[in-house]
**Q** 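Just passing along the structure, written as structure tokens.
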Amino acid sequence: MKLFIPIIISIFCVFTVRAATQPQTEQNPPPIDPKNMDTSVKPGDDFFRYANGAWVKRTEIPPEYSRWGAFNELIEHNNDALHAIAEQASTTSVDPKLAPETQKVGDYYASGMDEKTIEAQRTQPLEEEFKRIDGIKDRADLLAEIAHLHTIGIEAFFGFGAGQDSKDSSRDIAQAVQGGLGMPDRDYYTKQDADMKEKRQKYVAHVTKMLTLLGEPAEKAAEDAKKIMALETKLAEASRTRVQLRDPIKNYNKMGAQQLQDLTPDWNWSDYFKTIDLVAPGDINVRQPEFFKAANDLFKATSMEDWKAYLRWHLIDATAPHLSKDFVDENFNFNERVLRGTEQIKPRWKRVIMSEDGDIGEALGKLYVAFYFPPEAKARALELVNNLKEALADRIKTLEWMDEPTKQEALKKLAAFTVKIGYPDKWLDYSLLQIDRGPFVLNAMRAAQFEADRDIKKIGKPVDRTDWGMTPPTVNAYYNSNMNEIVFPAGILQPPFFYANADDAVNYGAIGAVIGHEMTHGFDDQGRQFDAKGNLRDWWTPKSAAEFKKRSGAIVQQYNEYQPLPGLHVNGELTQGENIADIGGVKLAYAALQKALDKHPEERKKKIDGFTPEQRFFLSFAAIWRQKVRDEDQKLRLTTDPHSPGQFRVNGPLSDLPEFQKAFNVPDGSPMVRAADKRVNIW
């Protein structure tokens with residue numbers, strides 16, 4: 001687990017599947033499947049239901065998932081692919097020097113599947129770690145143990161690691177960030193509604209149960225859990241909200257080591273740096289200074305026994321998925337059943353595959369792309385990216401609200417986009433990482449330590465622009481402001497996003513909209529604050545900036561109106577960037593499709609299944625967002641997820657597009673047509 005993760009703005013967060021070029025069958029349905037549509041619903045009333053309504057009616061969320069949709073369907077296929085790779089690697093005898101990826105993938109998988117040993121050992125592999133915590137005698141020992149936990153990827157108390165200097169993107173500097181919570185967000189500690197109060201009670205019960213599994217008497221475990229809750233609540237109260245964390249200017253507070261020391265006079269940063277092996281910290285970006293001021297008071301005032309309980313809890317919380325069944329089940333019970341409504345735990349092999357992708361994802365990914373990512377997919381993706389870049393350049397040049405000086409800067413930024421497709425040009429070298437068939441939890445901890453060490457070593461060095469923020473099998477894509485790059489892992493360059501043999505309308509509606517989405521992130525409320533080199537710099541004239549804010553404010557207002565559950569609304573501020581990207585992405589993809597059709601005018605008149613190319617474009621776009629979500633998971637996502645729920649990722653953008661209204665001949669005044677004075681139009 002990386003201690004500090006730079007801001008990358010992604011479209012989703014799941015895995016993917018191999019390319020499907022087989023004939024269309026029940027197992028391989030057509031890109032736009034009429035069986036998924038509900039034609040009793042008018043396109044102008046609710047396009048999400050029109051395009052996906054029959055699928056929604058007949059689909060049940062599998063018990064091991066908290067939501068189910070097009071992305072999750074790919075997870076299942078992809079799990080099978082990764083499962084086959086890992087199984088084969090685990091039964092193949094190789095020379096680690098000749099086939100290091102195969103050895104590590106095979107041994108990691110074998111250790112994770114060795115249930116007999118895992119059950120017999122329980123927490124024995126962590127014995128030395130618990131002894132370290134028990135041996136804390138004073139504040140110096142406490143700081144040393146917090147630092148040590150950071151070196152093994154456990155973010156106790158606060159976060160610390162490397163990240164690009166937002167105003168000098170060529171270098172990585174140290175970053176200190178708020179952290180130390182056991183629940184998903186500060187709101188879980190601070191909101192006073194009945195649901196959050198109940199979640200807090202269940203969290204205390206969960207912590208109590210985990211501590212009793214460690215061997216604490218029930219009464220002491222219950223008392224410790226209350227103290228842990230009190231400590232984390234104070235950390236939460238000192239933390240910024242997710243909306244506040246979206247402001248890159250307020251989160252840029254670069255200072256020297258002495259200034260940081262002045263913020264926290266009661267612990268010695270020099271000792272911390274020594275423990276994490278940071279020889280020359282240099283300048284440090286303290287993202288939330290007020291958090292560290294409050295943390296200093298907690299560090300000083302909290303009793304040593306309470307700190308020990310807190311650190312024991314965070315150690316077991318981080319390692320529980322890799323331990324015996326009693327820990328795994330209790331971890332699932334709170335984090336999945338209580339927080340997300342998931343009914344059933346995934347089979348062990350799926351959990352091991354997910355862990356492996358997280359821990360040694362580039363080793364697993366290197367084997368994955370060799371089997372499942374043909375070179376022609378990469379070439380076709382690059383062609384689509386170039387077409388979308390051309391469409392965005394055209395759009396910038398003709399924007400009526402942006403003045404010429406700002407347009408020129410925007411075009412420079414677009415031209416400077418780095419594009420990464422499929423997999424890294426330079427694979428991560430895992431030669432110093434020990435992976436064997438010993439305790440599963442130790443493989444996971446060594447992998448976390450390897451990543452934490454690699455991260456710390458970046459501080460003060462030039463940025464490695466070959467680094468990837470996602471593994472090759474991931475069904476996702478992202479834009480990184482500091483790198484000014486758009487990245488498309490192999491995983492997402494597959495159906496239902498990209499079909500090798502489908503018509504252009506389908507591919508532009510799916511992967512084209514994804515590409516446009518990531519490009520638009522370079523110009524959303526956050527991305528627009530970074531220039532062509534990835535530096536935090538105001539390149540906007542006051543007039544153009546004011547026009548942008550007027551339009552982005554309208555998007556916030558639009559999405560604030562959406563209500564996925566009774567009484568619970570989308571947070572338009574939190575989801576602002578993703579909503580801007582959704583609207584811009586589909587608009588740009590549509591423009592790129594029109595360019596493609598201009599080159600082949602005969603395609604304009606061709607209908608497939610009775611639909612024009614323009615209609616198929618919008619149906620394809622809607623199809624990738626089909627999903628059903630459990631209520632508890634929806635509540636969690638409304639609090640923490642910067643993406644809007646699936647139905648609003650379809651209906652929200654399309655209701656702003658005259659192109660959609662024209663394609664389906666939707667009359668004015670329909671629910672899917674926003675009034676002209678309320679339509680949002682940025683990119």
Side-chain angles (χ1 to χ4, degrees), residues 11 31-32 43-44 47-48 50-52 380-381 383-400 414 477 486 488 496-499 502-524 551 555 558 578-608 611-625 644 648-666 670 672-674 676 679-683:
I11 194 166
I32 297 172
F47 194 71
F48 177 85
Y50 171 76
N52 301 311
R380 177 63 176 138
E383 180 186 354
L384 285 165
V385 169
N386 289 334
N387 291 346
L388 266 292
K389 283 181 73 175
E390 186 179 333
L392 180 50
D394 289 347
R395 177 69 181 142
I396 291 170
K397 291 172 186 175
T398 57
L399 284 174
E400 74 286 352
L414 176 60
I486 47 176
F488 305 94
F497 298 96
F498 170 68
Y499 293 83
D503 52 302
D504 278 345
V506 162
N507 283 327
Y508 278 101
I511 193 63
V514 170
I515 293 168
H517 173 103
E518 299 308 338
M519 287 183 178
T520 305
H521 270 313
F523 304 94
D524 70 12
R551 287 161 174 76
I555 290 180
Q558 174 182 339
E578 296 297 336
N579 299 333
I580 291 171
D582 280 343
I583 296 168
V586 69
K587 192 175 185 74
L588 292 172
Y590 185 88
L593 171 64
Q594 295 306 307
K595 283 179 172 289
L597 292 175
D598 286 344
K599 295 174 184 176
H600 302 282
E602 71 281 2
E603 295 293 321
R604 285 192 180 278
K605 299 177 182 179
K606 186 185 294 184
K607 288 188 176 183
I608 301 176
F611 295 110
T612 67
E614 288 80 5
Q615 290 171 333
R616 285 175 65 78
F617 170 89
F618 290 115
L619 287 167
S620 179
F621 173 71
I624 65 173
W625 295 116
S644 294
F648 304 120
R649 300 191 75 170
V650 176
N651 290 353
L654 299 192
S655 68
D656 285 312
L657 266 60
E659 298 92 336
F660 165 76
Q661 181 182 7
K662 181 180 177 183
F664 283 90
N665 197 26
V666 179
S670 299
M672 284 297 304
V673 178
R674 288 179 68 80
R679 278 189 173 176
V680 173
N681 184 20
I682 302 182
W683 304 107

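All residue numbers refer to positions in the sequence shown, counting from 1.
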**Q** For the residue pair Asp394 and Thr398, what are the closest heavy atoms and their distance?
**A**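 Minimum heavy-atom separation between Asp394 and Thr398: O-OG1, 3.0 Å.
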
**Q** Taking all heavy atoms of Ala51 and all of Leu619, pick out the closest pair and write down the distance.
**A** CB-CD2, 3.9 Å

**Q** Check whether any side-chain N or O of Ser670 sits under 3.5 Å from a backbone N or O of Val666 as a donor-acceptor pair, and report yes or no.
**A** no

**Q** Is there side-chain contact between Glu614 and Lys662, with heavy atoms separated by less than 4.5 Å?
**A**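 Answer no - side chains too far apart.
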
**Q** Is it the case that the side chains of Gln558 and Asp656 hold a donor-acceptor pair, with the cut-off being a distance below 3.5 Å and no angle test?
**A** yes

**Q** Drop me the distance from Ile555's CD1 to Glu578's CD, to the nearest 0.5 angstrom.
**A** 12.0 Å

**Q** Give a yes or no answer on whether the side chain of Trp683 reaches the backbone of Arg395 with a donor-acceptor pair at less than 3.5 Å.
**A**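 Not at all, since once roles are kept as given, no pair shorter than 3.5 Å links the two residues.
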
**Q** Which heavy atom of Ile624 sits nearest a heavy atom of Ala510, and at what distance?
**A** CG2-CB, 3.9 Å

**Q** Determine whether a donor-acceptor pair (N or O, by modelled atom type, separation under 3.5 Å) exists between the side chain of Glu518 and the backbone of Ile515.
**A**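 No, the answer is negative, given that no donor and acceptor are paired below the 3.5 Å cut-off.
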
**Q** Angle between ring planes, Phe664 versus Phe660, binned at 30° and 60°: parallel, tilted or perpendicular?
**A**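 Phe664 vs Phe660 ring planes: tilted.
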
**Q** Is a donor on one side and an acceptor on the other found under 3.5 Å between the side chain of Asp504 and the backbone of Ala596?
**A** no

**Q** Counting N and O atoms only, with roles assigned by atom type, does the side chain of Asn651 sit under 3.5 Å from a partner on the main chain of Phe48, one being a donor and the other an acceptor?
**A**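 Confirmed, Asn651 side chain pairs with Phe48 backbone.
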
**Q** From Leu388 CG over to Leu414 CG, what is the distance, rounded to the nearest 0.5 angstrom?
**A** 10.5 Å

**Q** Can Arg674 and Gln661 be counted as having a side-chain donor-acceptor contact under 3.5 angstrom?
**A** no

**Q** Would you say Leu657 and Val586 make side-chain contact, with heavy atoms under 4.5 Å?
**A**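 Result yes, sub-4.5 Å side-chain heavy-atom pair found.
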
**Q** Look up atom OH in Tyr508 and atom CG in Asp503, then write down how far apart they are to the nearest 0.5 Å.
**A** 12.0 Å

**Q** Rounded to the nearest 0.5 Å, what's the gap from CD on Glu602 to NZ on Lys606? Could you check?
**A** 7.0 Å

**Q** Does any donor atom in the side chain of Asp582 or Ser644 lie under 3.5 Å from an acceptor atom in the other side chain?
**A**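 Short answer, no.
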
**Q** Just how far is it from atom CG of Asn507 to atom CZ of Phe497, taken to the nearest 0.5 Å?
**A**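 Rounded to the nearest 0.5 Å, the CG-CZ separation comes out at 12.0 Å.
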
**Q** Which atom pair, heavy atoms only, marks the closest approach of Pro613 to Ala505?
**A** O-CB, 3.2 Å

**Q** So, for Tyr590 and Phe617, is the gap between ring centers shorter than 6.0 Å?
**A** yes

**Q** Distance-only, no hydrogens or angles: does the Glu603 side chain make a donor-acceptor pair with backbone N or O of Leu597 under 3.5 Å?
**A** no

**Q** Side chains of Pro658 and Arg679, heavy atoms from C-beta outward: is any pair under 4.5 Å?
**A** yes

**Q** Quick one: does any side-chain atom of Ser620 pair with a main-chain N or O of Val506 as donor and acceptor, under 3.5 Å?
**A** yes

**Q** Do Asn579 and Arg649 come close enough that some side-chain heavy atom pair is under 4.5 Å?
**A** no

**Q** Test Asp598 against Arg604 for side chain to side chain contact (heavy atoms under 4.5 Å, CB included), laying out the working first.
**A** CA-CA 8 Å; Asp598 286 344; Arg604 285 192 180 278; 2.7 Å; yes

**Q** Could you tell me which non-hydrogen atom of Ala391 sits nearest to which non-hydrogen atom of Ala591, and how far apart they are?
**A**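 That would be CB-CB, 4.3 Å.
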
**Q** For Phe621 and Phe618: C-alpha separation, side-chain torsions, deciding distance, then whether ring-ring contact (aromatic ring centres under 6.0 Å, His included) applies.
**A** CA-CA 5 Å; Phe621 173 71; Phe618 290 115; 7.6 Å; no

**Q** How long is the straight-line distance from CD1 of Ile583 back to NE2 of His517, given to the nearest 0.5 Å?
**A**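 Here the interatomic distance stands at 11.5 Å.
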
**Q** Between Leu654 and Glu659, is any pair of side-chain heavy atoms under 4.5 Å apart?
**A** no

**Q** State, yes or no, whether a side-chain contact exists between Leu384 and Phe498 at a heavy-atom distance under 4.5 Å.
**A**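 Touching, per the 4.5 Å side-chain cut-off.
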
**Q** Are Asn681 and Arg551 packed together at the side-chain level, in the sense that at least one heavy-atom pair is separated by less than 4.5 angstrom?
**A** no

**Q** Could you check if a side-chain atom of Lys389 sits within less than 4.5 angstrom of a side-chain atom of Leu392, using non-hydrogen atoms only?
**A** no

